[in-house]
Amino acid sequence: MHHSRLCAFVIDCKTDDLDAATTFWSQALGRAAQPPDPQSPTYRALSAQPQEPLLLLQQVDHPGRIHLDIETDNQDAEVLRLEALGARRVAFVKRWWVMEAPSGQRFCVVNPQRGPLDATNANVWP
């Protein structure tokens, strides 16, 4: 048995100035920008309530888009579950899987980002 839930909306930004993109999205969405994490220089986070998905900006080389992340306590099981639904693996990057839905949208399967997952706050899968 494993758990999963919607984790984050990630705004992919093809830009040389991630700070300017962060300022724009912070003001556009009315969410405070969190201080940059020196260990993740190509990411920025915007504030969110504990029960809301994370809001992240990611500096990328491909055209800008928005994708979602699914967090899980068992990546292998979740990837297999999603493949059974028709998704396909695109690439393993650092610590997560980039997947593609049957309809073409890319999304990521990541380790828990917002604390432990259990039956009270996530989907439970056999």
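Since the structure is predicted, the reported quantities are computational estimates derived from the model, not experimental observations.
With no hydrogens or angles considered, no side-chain donor-acceptor pair links N74 and T72 at under 3.5 Å. Remark: the H67 side chain and the D12 side chain contain an N/O donor-acceptor pair separated by less than 3.5 Å. One side chain, H3 or D73, offers a donor N or O that lies under 3.5 Å from an acceptor on the other.
Of all non-hydrogen atoms in S47 and R31, the two that sit nearest each other are O-NH1, 3.2 Å. When all heavy atoms of C108 and D69 are compared, the closest pair comes out as CB-OD1, 3.2 Å. The two residues A122 and S4 come nearest to each other via the heavy atoms CB-O, 3.5 Å. Here the closest heavy-atom approach between residue R106 and residue R65 is recorded as CG-NH2, 4.3 Å.
Using a 4.5 Å cut-off on side-chain heavy atoms (C-beta onward), W25 and L46 make contact. Counting heavy atoms from C-beta outward, K14 and D61 have side chains that stay 4.5 Å or more apart. Within the 4.5 Å cutoff, the side chain of R44 has no heavy atoms near those of the L56 side chain. Put simply, the side chain of L82 reaches to within 4.5 Å of the side chain of F107, judged on heavy atoms. Between L57 and V10, the closest side-chain pair of non-hydrogen atoms is not below 4.5 Å. Looking at heavy atoms from C-beta onward, P126 lies out of side-chain contact with M1 at the 4.5 angstrom threshold. Two residues are said to be in side-chain contact when any heavy atoms from C-beta on lie closer than 4.5 Å; N111 and Q75 meet this criterion. Under the 4.5 Å side-chain criterion, counting only non-hydrogen atoms from C-beta, L6 is in contact with L68.
The backbone N or O of Y43 lies less than 3.5 Å from no partner atom in the side chain of Q58, so there is not a single donor-acceptor pair.
From R81, atom CZ reaches atom CG of D76 across 14.0 Å, with rounding to the nearest 0.5 Å. With rounding to the nearest 0.5 angstrom, the CG atom of L80 is 11.0 Å from the CG atom of L85. Atom CD of Q59 sits about 8.5 Å away from atom SG of C13, to the nearest 0.5 Å.
Surrounding CG of D16 are at most 12 heavy atoms belonging to other residues, nucleotides or ligands under 6.0 Å away.
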Side-chain polar contacts of residues 89-99 - donor-acceptor pairs under 3.5 angstrom, sequence neighbours left out - could you list them?
from : atom 1 : to  : atom 2 : distance (Å)
R89  : NE     : E83 : OE2    : 2.7
R89  : NH2    : E83 : OE1    : 3.2

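Residues in residues 5-24 take part in no ring pair (Phe, Tyr, Trp, His ring centres under 6.0 Å) pair, two or more places apart or across chains.
Here R5 does not pair with E78 in a salt bridge; the nearest charged N to carboxylate O distance is not below 4.0 Å.
A continuous path of hydrophobic side-chain contacts links V79 to I70 [ILVMFWY only; heavy atoms under 4.5 Å].
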